[in-house]
Amino acid sequence: MNITLSRRALMTVTVAGLLSGAVAFGAPTLGSPVGPVASISTVGHRAVVDARIAVHFDLKTGQMPENIVLDRDGSVDVTFAGSRQVARIGADGGIRVLATLPAPADAAATTPVLGFPLVTGLVRDGRTFYVAYATGSTETGIWTFTEGGRPRLLAALPADGLPNGMTRDPSTGLLYVTDSVKGTVYTVSPKGRVRTVSSDPALAADGLLGVNGIKIHNHAVYASNLDEGTILRLPFGAKGLGPARVVATGLTGIDDFTFTGHGDEIIAALNTVNQVVRVTGPRTEVLLTAADGLSNPTSVAVRGRTLLVPSAAYSTQQDPNLLVATLSR
């Protein structure tokens with residue numbers, strides 16, 4: 001289908017970027033929490049080589065890749081926000097749609113802030129997929145499907161919210177889901193039970209979108225806040241998540257992020273400024289920019305030394321793509 005963003009939605013993504021997602025990588029390497037970011041280094045791209053656009057997507061049909069997870073045989077899976085689809089991108093660049101979520105039954109429904117129905121966060125557990133879906137109506141929530149099967153609603157979430165980033169705790173099977181409008185983190189059990197585990201003020205939006213990406217690392221939940229440009233650490237507690245502590249700042253328009261497996265090193269997509277950065281302790285280093293092909297990067301995945309970055313072109317309106325690069329160090 002052709003997708004046309006409303007004026008309000010286009011203004012929103014132009015000003016503040018969009019969304020996040022989650023990649024289930026298993027248990028990362030343990031380490032101490034990263035410290036606040038003092039400055040961003042733009043000393044060139046020495047840390048990344050062989051950056052290239054591996055796949056170009058079709059903006060007119062809604063192929064705006066919002067989230068990415070690693071799959072087998074060198075492939076990756078992505079959510080296409082505008083077409084409400086989950087698709088597999090093969091190692092050869094081929095695209096195969098795995099599932100399409102239903103259009104909102106209420107034609108008058110309006111997704112908060114953005115104005116159009118979209119799929120966001122994605123988690124894969126073997127052949128089972130979980131996808132976050134926001135419509136402003138009864139379809140809003142976490143959907144699931146087994147590869148080759150039809151998607152079904154696992155857990156309904158507030159229609160006036162915006163479920164966004166998602167990750168899975170392999171030790172409990174719980175999904176952790178962010179709501180960028182309500183400034184909350186939910187858990188969703190394998191049977192669909194929903195529980196609010198944090199509404200810390202640090203998660204709140206400041207005009208547009210708040211808490212965004214989410215990961216589990218070093219006995220805590222880490223989450224980004226797009227409006228604040230921060231990464232937060234929320235420790236696990238007996239009755240939910242403990243108080244949020246800011247561990248990185250100055251990350252303008254941060255969308256999704258991931259841990260690389262090297263201690264507390266983080267790689268993050270900065271949607272609005274068209275950058276991918278690496279956060280190591282107090283230092284933030286620019287790895288990729290628009291000159292490399294970024295066009296509103298939304299999320300990141302790391303496979304060995306290979307960095308994979310989808311760009312959704314929400315505000316640039318040019319060349320949604322999947323960029324691949326090699327981390328040289």
Nearest 0.5 angstrom please: [X] [atom1] to [Y] [atom2], how far?
| X | Y | atom1 | atom2 | answer |
| --- | --- | --- | --- | --- |
| Ile95 | Gln85 | CD1 | CD | 10.0 Å |
| Ile254 | Asp227 | CD1 | CG | 12.5 Å |
| Phe116 | Leu118 | CZ | CG | 5.0 Å |
| Leu251 | Thr230 | CG | OG1 | 8.0 Å |

query = For atom CZ of Arg193, is the number of surrounding heavy atoms from other residues, nucleotides or ligands below 6.0 Å larger than 12?
reply =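 Open: at most 12 neighbouring heavy atoms sit under 6.0 Å from CZ of Arg193.
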
Under a plain distance cut-off of 3.5 Å, with no hydrogens placed, do [Y] and [X] share a side-chain donor-acceptor pair?
| X | Y | result |
| --- | --- | --- |
| Asn296 | Ser315 | yes |
| Thr79 | Glu66 | no |
| Asp319 | Ser295 | no |

request  = State yes or no: are the ring centers of Tyr222 and Phe259 separated by less than 6.0 Å?
outcome  =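 Ring-ring flag for Tyr222/Phe259: true, centres closer than 6.0 Å.
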
Between [X] (side chain) and [Y] (backbone), is there a donor-acceptor pair under 3.5 Å?
| X | Y | answer |
| --- | --- | --- |
| Thr120 | Pro163 | yes |
| Asn321 | Leu294 | no |
| Tyr314 | Thr298 | no |
| Asp77 | Val86 | no |
| Thr140 | Asp160 | no |
| Ser189 | Lys191 | yes |
| Arg124 | Leu70 | yes |
| Asp92 | Gly94 | yes |
| Ser198 | Val185 | no |
| Thr146 | Arg127 | no |

Side-chain heavy-atom pair Ser311, Pro320 within 4.5 angstrom cut-off =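 Answer no - side chains too far apart.
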
ask   = Should Leu308 and Val324 count as side-chain neighbours, where that means a heavy-atom distance under 4.5 Å?
value =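 Contact flag for Leu308/Val324 side chains = yes.
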
inquiry  = Can you tell me how the ring of Phe80 sits relative to the ring of Phe57, calling it parallel under 30°, perpendicular over 60° and tilted otherwise?
reply    =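 Perpendicular: the ring planes of Phe80 and Phe57 meet at over 60°.
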
query = Is it true that Glu139 and Arg84 make a salt bridge, defined as a side-chain N closer than 4.0 Å to a carboxylate O?
reply =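 Not counted as a salt bridge, because no side-chain N and carboxylate O are separated by less than 4.0 Å.
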
Candidates Ile214, Val211, Leu241 - the one meeting side-chain contact (heavy atoms from CB on, under 4.5 Å) with Leu234 =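 Exactly one option meets the side-chain contact (heavy atoms from CB on, under 4.5 Å) with Leu234, and it is Leu241.
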
